[in-house]
Protein chains: 2
Amino acid sequence: MDLIKIYECLCDRTRLRLLNVLAQGPVCVCHFQAVLGEPQVKISKHLGYLRERSLVECERHGNWVVYALPTKPSRELKANLACLQDCARENAVFKRDLARLKKIEPACAWVRAGEPEKAPGQCRCR
Amino acid sequence: MDLIKIYECLCDRTRLRLLNVLAQGPVCVCHFQAVLGEPQVKISKHLGYLRERSLVECERHGNWVVYALPTKPSRELKANLACLQDCARENAVFKRDLARLKKIEPACAWVRAGEPEKAPGQCRCR
DNA sequence: AATCCGTATGCTTGCCAAGGAATATGAATC
DNA sequence: GATTCATATTCCTTGGCAAGCATACGGATT
């Protein structure tokens, strides 16, 4: 049952926040740290958890690792992510995260534009 | 976050099967045993788990205890149950359960009709 | 009151996940 | 080649849940 694997990923607060942010587009790990305000280990471990279970994909560009939702999600995953989006819309925590993401956006424009060669020497979003 | 409580309930195979069956209407514990083919303890414990977290409600009629989905589910719960239904549609295990439920239906018509006084002296569905 | 039936609860064992501290990796810069 | 930066992994402790066995409970029947 793939469904269970999905629900296991969804039953943690931190992972829900990660997925909610990812729904806006690809994001680099340091952005997650800035947006969620959680320690690096925590973020990295949960991303690893999601990665092992194919709920996210990642790509390395130099020092930076950019995470994104799967390009070809299963029917079940697509349905549940949509449902999550629906539920997140009215949630204070999720909305706050998205607000912080927006503030950071200028610093990570290169990610959104898919131009890793424009990445700055040092992270400027924290 | 109520959402997490919901997902915690959904990340177990047995509980998913219980909820899938309940989506068809109220069901008594002995029916679950017959439909899922799982031991009584297992069924009862998972129903208890769901009950504590308000994903199901129950009502006692003599020896029998009839379980049902909440009469007034939250927005989040409603959305996720609908999503589950959507995902379950094409799943072999879920479909098999519903087929077994249909076979048993005559023996538990009194539940569906809301007529506990017509319950038989002994359970006839196992 | 003794018994039977359907259902629930304690108890134990084993596993897995979360969190944090320290450390490792891989890539870039000096 | 040594250092710096972003990210990942390891080790450890703690807590919670699944499963099964035995037993308790509540209601009906005799």
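Computed from heavy atoms alone, side chains included, the values below leave out hydrogens, waters and symmetry copies. Convention: sequence-line order gives letters A, B, ...; per-chain numbering from 1.
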> Roughly, in whole Å, what's the span from CG in A/L18 to P in C/dA18?
Replying inline: 12 Å
> From the list C/dA18, C/dG19, D/dT7, which nucleotide is the closest neighbour of the side chain of A/Y49?
Replying inline: C/dA18
> Picking from C/dA21, D/dA8, C/dA8, which would you name as closest to the side chain of A/S44?
Replying inline: D/dA8
> Roughly how far apart are B/L84 CG and B/C9 SG, rounded to 0.5 Å?
Replying inline: 12.0 Å
> Any side-chain N or O of B/R53 less than 4.0 Å from the OP1 or OP2 oxygen of D/dC17?
Replying inline: yes
> Quick one: B/I4 CD1 to C/dA18 P, roughly how many Å, whole number?
Replying inline: 11 Å
> Of the candidate nucleotides D/dA19, C/dT9, D/dC11, which contains the atom at the shortest distance from the side chain of A/K45?
Replying inline: D/dC11
> Testing B/V111, B/L47, B/V27, B/L18 for side chain to side chain contact (heavy atoms under 4.5 Å, CB included) with B/Y67, which one passes?
Replying inline: B/L47
> Among pairs that include at least one residue of residues 15-44 of chain A, which meet salt bridge (charged side-chain N to carboxylate O under 4.0 Å, His left out), considering only residues two or more places apart or in two chains?
Replying inline: A/R17-A/E38, A/R17-A/D97, A/E38-A/K42
>> Assuming nearest nucleotide by heavy-atom distance, tell me which of A/E38 and B/Y67 is located more 5' along DNA chain C.
In response: B/Y67
>> What is the distance, to the nearest angstrom, from the CZ atom on B/R13 to the P atom on D/dC17?
In response: 21 Å
> Passes side chain to side chain contact (heavy atoms under 4.5 Å, CB included), B/L19 versus B/V56? Steps please.
Replying inline: CA-CA 8 Å; B/L19 291 170; B/V56 300; 4.1 Å; yes
>> Measuring from the side chain of B/Q122 (C-beta onward, heavy atoms only), which nucleotide among C/dC5, C/dT7, D/dA18 has the closest atom?
In response: C/dC5
> From D/dT9, C/dT7, D/dA19, pick the nucleotide closest to the side chain of B/V65?
Replying inline: C/dT7
>> Does A/V41 reach a base, just sugar-phosphate, or nothing at all? Heavy atoms under 4.0 Å.
In response: base
>> Rounded to whole Å, how long is the line connecting atom CD of B/E8 with atom P of C/dC16?
In response: 18 Å
>> Looking at every heavy atom in both B/P70 and B/S54, which two are closest together, and how far apart are they?
In response: CG-O, 3.6 Å
>> With side chain to side chain contact (heavy atoms under 4.5 Å, CB included) as the criterion, how do B/Y7 and A/L16 come out once you've worked through the C-alpha distance, each side chain's angles and the decisive distance to 0.1 Å?
In response: CA-CA 10 Å; B/Y7 287 132; A/L16 282 187; 4.0 Å; yes
> Looking at five pairs on each end of the helix from C/dA1-D/dT30 to C/dC30-D/dG1, what is the angle between the two axes, given to 10 degrees?
Replying inline: 0°
>> Quick check on the hydrophobic clustering: are B/I4 and B/I6 connected, directly or via other members, by side-chain heavy-atom contacts under 4.5 Å?
In response: yes
> Of all the choices, C/dT7, C/dA18, C/dA8, which nucleotide is nearest to the side chain of B/C30 once you look at every atom?
Replying inline: C/dT7
> Can you tell me how far C1' of C/dA18 sits from CG of A/L10, to the nearest Å?
Replying inline: 17 Å
> Could you state the NZ-P distance from A/K5 to C/dC16, rounded to the nearest angstrom?
Replying inline: 16 Å
> How long is the span from the CG atom in B/N80 to the CG atom in B/D2, to the nearest 0.5 Å?
Replying inline: 11.5 Å
> Among A/L101, A/T14, A/V21, which one satisfies side chain to side chain contact (heavy atoms under 4.5 Å, CB included) with A/F32?
Replying inline: A/V21
> Looking at C/dT7, D/dA8, C/dT9, which one has an atom nearest to any side-chain atom of B/C28?
Replying inline: C/dT7
> Reading nucleotides 23-30 of chain C from the 5' end, what letters show protein touch, with B for base, S for backbone sugar-phosphate only, - for no heavy atom under 4.0 Å?
Replying inline: ---BBS--
>> Measure CH2/A/W64 against P/D/dT4 and give the value in whole Å, please.
In response: 16 Å
>> In this structure, how many angstroms lie between the C1' atom of D/dA22 and the NZ atom of B/K42, rounded?
In response: 18 Å
> Looking only at atom types and distance, does a side-chain atom of B/R112 sit under 3.5 Å from a main-chain N or O of B/P26, one as donor and one as acceptor?
Replying inline: yes
>> Is there a side-chain contact between A/H46 and the phosphate of C/dG19, meaning an N or O under 4.0 Å from OP1 or OP2?
In response: yes
